[in-house]
Amino acid sequence: MGDENIKVVVRCRPLNSREIARGANRLISMVGNQTFITRPDVNDPGNANKRDGIEDVKSFTFDKSYWSFDKNDPNYATQAMLYNDLGEEFLDYAFEGYNTCIFAYGQTSAGKSYSMMGYGEDKGIMPLTCCELFNRINNNKDLELTYQVQVSYIEIYNERVRDLLNPKNKGNLKVREHPALGPYVEDLSKLIVNSFIDIEKLMDESNKVRTVAATNMNETSGRSHAVFTLLVTQKRHDTQTNMDTEKVSRISFVDLAGSERANLTGATGTRLKEGVNINKSLTTFGKVIASLAEFSVDKKKGKKEVFVPYRDSVCYFHLIYC
Ligand SMILES: Nc1ncnc2c1ncn2[C@@H]1O[C@H](COP(=O)(O)OP(=O)(O)OP(=O)(O)O)[C@@H](O)[C@H]1O
Ligand SMILES: [Mg+2]
């Protein structure tokens, strides 16, 4: 993105059983922050799709390329490495009072939920960040400083917002705009948590209620976007003046729906509607990020008028503003 406020990293997961059964080859390699993709037909002279004049290997540069292809490889990028590079930084910003947001984007089975939430003991960046947040809070020795942590967890499915911390609330929560604070989700539960164990319990319960519908492609694939938000309030009491000050910051973790859902062929009825809505939100996502990048370039040049289409999809109206 070329902007110091936005980082883009990529992670390569191991081949899954379906790919292994199909005899798939490894096409990705990574060195430092670079990712290389080898043309699939490069070693197959008989391949009818082979076209001359096309590079055999394409290279892409990201802020970081995480190599998680083989767990037995000494270079395997672990969950802890991702957390150390990204989660730590979010916490630093949160304690300074800044809002941060992380998205996982990719097609179904790419490893979005694995990197964000993790499976079982293989905890992802969300739980690792929450755990360290409480470690830092518990290490606070400043008697004038107290902390409050609240969490919210929503699912956006077919442009409808659902409260995962209050599944009884089946309705479609409304996204509204506060004149001073910007967009917010009306009636959203924000639960106070006092420990990482509290958060773990909430995550476990709410993950069970996430909308997952069986599809031909991946039985357990996420067809909705999920947004988990940590709201950290730091309260400082000045004993001399007897004044209280507050610093509030937000960390949002977003596990997006599989990107290929957007243009699945042969889908009809509900699946088609899902595809259309996922497409709408992911296209808006692309447009919003592109305009933000343009905005930051223009700002450096002294121009400010760039339209950022947050409102084109309910997700980004809520999210990126934060
Ligand atoms: N970095 C990794 N290392 C090891 N295994 C991984 C890694 N990333 C993903 N996997 C495995 O790949 C499978 C698919 O990953 P995951 O469920 O995270 O995909 P997803 O992108 O969330 O898909 P969907 O869009 O369908 O929700 C899981 O079994 C997961 O354990
Ligand atoms: Mg998933």
Side-chain angles (χ1 to χ4, degrees), residues 1-16 26-38 57-71 73-94 96 98-119 122-133 222 225-230 250-260 281-282 284-297 315-316 319-320 322:
M1 230 34 84
D3 187 274
E4 63 276 13
N5 294 327
I6 300 179
K7 266 192 184 177
V8 183
V9 304
V10 62
R11 188 178 196 187
C12 176
R13 65 151 169 74
L15 292 178
N16 63 29
R26 175 169 69 84
L27 302 173
I28 308 281
S29 57
M30 290 177 167
V31 179
N33 56 1
Q34 279 195 301
T35 297
F36 301 92
I37 303 183
T38 309
V57 180
K58 276 195 182 297
S59 74
F60 301 87
T61 306
F62 297 91
D63 287 297
K64 193 91 181 229
S65 292
Y66 290 97
W67 181 245
S68 302
F69 184 76
D70 178 2
K71 277 203 164 171
D73 186 329
N75 292 323
Y76 177 84
T78 59
Q79 302 281 58
M81 285 179 191
L82 249 84
Y83 164 73
N84 286 334
D85 287 352
L86 306 168
E88 281 274 347
E89 201 177 337
F90 290 146
L91 286 178
D92 292 345
Y93 280 125
E96 286 172 33
Y98 293 104
N99 296 333
T100 50
C101 183
I102 178 170
F103 291 89
Y105 174 90
Q107 70 169 57
T108 193
S109 295
K112 299 179 294 295
S113 303
Y114 180 87
S115 292
M116 298 301 286
M117 180 63 77
Y119 289 108
D122 226 353
K123 290 189 175 63
I125 194 164
M126 270 165 66
L128 292 177
T129 307
C130 295
C131 184
E132 182 56 20
L133 170 69
H225 309 300
V227 186
F228 180 82
T229 304
L230 278 173
R250 192 162 26 168
I251 309 180
S252 299
F253 299 88
V254 189
D255 186 0
L256 292 170
S259 55
E260 81 298 338
S281 54
L282 292 178
T284 307
F285 175 52
K287 285 190 201 157
V288 165
I289 295 285
S291 344
L292 286 173
E294 204 183 321
F295 176 72
S296 69
V297 172
C315 325
Y316 300 104
L319 287 175
I320 304 197
C322 64

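In this text, all values refer to a predicted model and were calculated from it rather than measured experimentally.
Minimum heavy-atom separation, S113 to D255: OG-OD2, 2.7 Å. Considering every non-hydrogen atom in both H225 and A257, the closest pair reads ND1-N, 3.0 Å. Across all their heavy atoms, S68 and A77 have their closest contact at OG-O, 2.8 Å. Between T129 and G87, the shortest heavy-atom contact is OG1-CA, 3.7 Å.
With sequence neighbours excluded, the residues that form a salt bridge (Lys or Arg N to Asp or Glu O under 4.0 Å) with K64 are D85. Listed by chain and residue number, R11 satisfy the side-chain hydrogen bond (donor to acceptor under 3.5 Å, both in side chains) test with S115 (two or more places apart in sequence, or in another chain). Residues passing the ring pair (Phe, Tyr, Trp, His ring centres under 6.0 Å) test with F228 are Y153, sequence neighbours excluded. Take R13 and apply the side-chain hydrogen bond (donor to acceptor under 3.5 Å, both in side chains) test, not counting sequence neighbours, and it matches E19. Contacts of A110 classified as side chain to side chain contact (heavy atoms under 4.5 Å, CB included), with partners at least two apart in sequence or in another chain: none. For D92, the salt bridge (Lys or Arg N to Asp or Glu O under 4.0 Å) criterion is met by R136, not counting sequence neighbours. In this view, C12 and I28, M30, W67, F69 satisfy the side chain to side chain contact (heavy atoms under 4.5 Å, CB included) rule, not counting sequence neighbours. With sequence neighbours left out, I102 forms a side chain to side chain contact (heavy atoms under 4.5 Å, CB included) with L86, F90, M116, I125, F253. By the side chain to side chain contact (heavy atoms under 4.5 Å, CB included) test, N33 pairs with T61, sequence neighbours left out. Residues that satisfy the ring pair (Phe, Tyr, Trp, His ring centres under 6.0 Å) test with F36, not counting sequence neighbours, are absent from this structure.
A distance of 9.0 Å separates CZ in R26 from CG in L15, rounded to the nearest 0.5 Å. We find the CE-CD distance between M117 and Q79 to be 11.5 Å, quoted to the nearest 0.5 Å.
Judged purely by atom type and a 3.5 angstrom limit, D63 has no side-chain atom pairing as donor or acceptor with the backbone of V9. Judged by distance alone, with hydrogens and angles left aside, the side-chain atoms of K112 form a donor-acceptor pair with the main-chain N or O of G106 at under 3.5 Å.
Side-chain contact between Y83 and E88 is present, with heavy atoms from C-beta onward closer than 4.5 Å. The closest side-chain heavy-atom distance from V227 to F103 is not below 4.5 Å.
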Handout entry: Residue pair C101, I251: steps toward the side-chain contact (heavy atoms from CB on, under 4.5 Å) verdict
Key = CA-CA 6 Å; C101 183; I251 309 180; over 6 Å; no
Exercise for the section: Could you give me the CA-CA distance, side-chain angles and deciding distance for K71 and D122, then say whether salt bridge (charged side-chain N to carboxylate O under 4.0 Å, His left out) is met? Expected result: CA-CA 12 Å; K71 277 203 164 171; D122 226 353; 2.8 Å; yes
Exercise for the section: List the steps, then state whether side-chain contact (heavy atoms from CB on, under 4.5 Å) holds for I37 with V57. Expected result: CA-CA 5 Å; I37 303 183; V57 180; over 6 Å; no
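The aromatic rings of Y119 and Y114 sit tilted, their planes meeting at an angle between 30° and 60°.
Crowding of Y76 atom OH: a count of heavy atoms from other residues, nucleotides or ligands under 6.0 Å exceeding 12.
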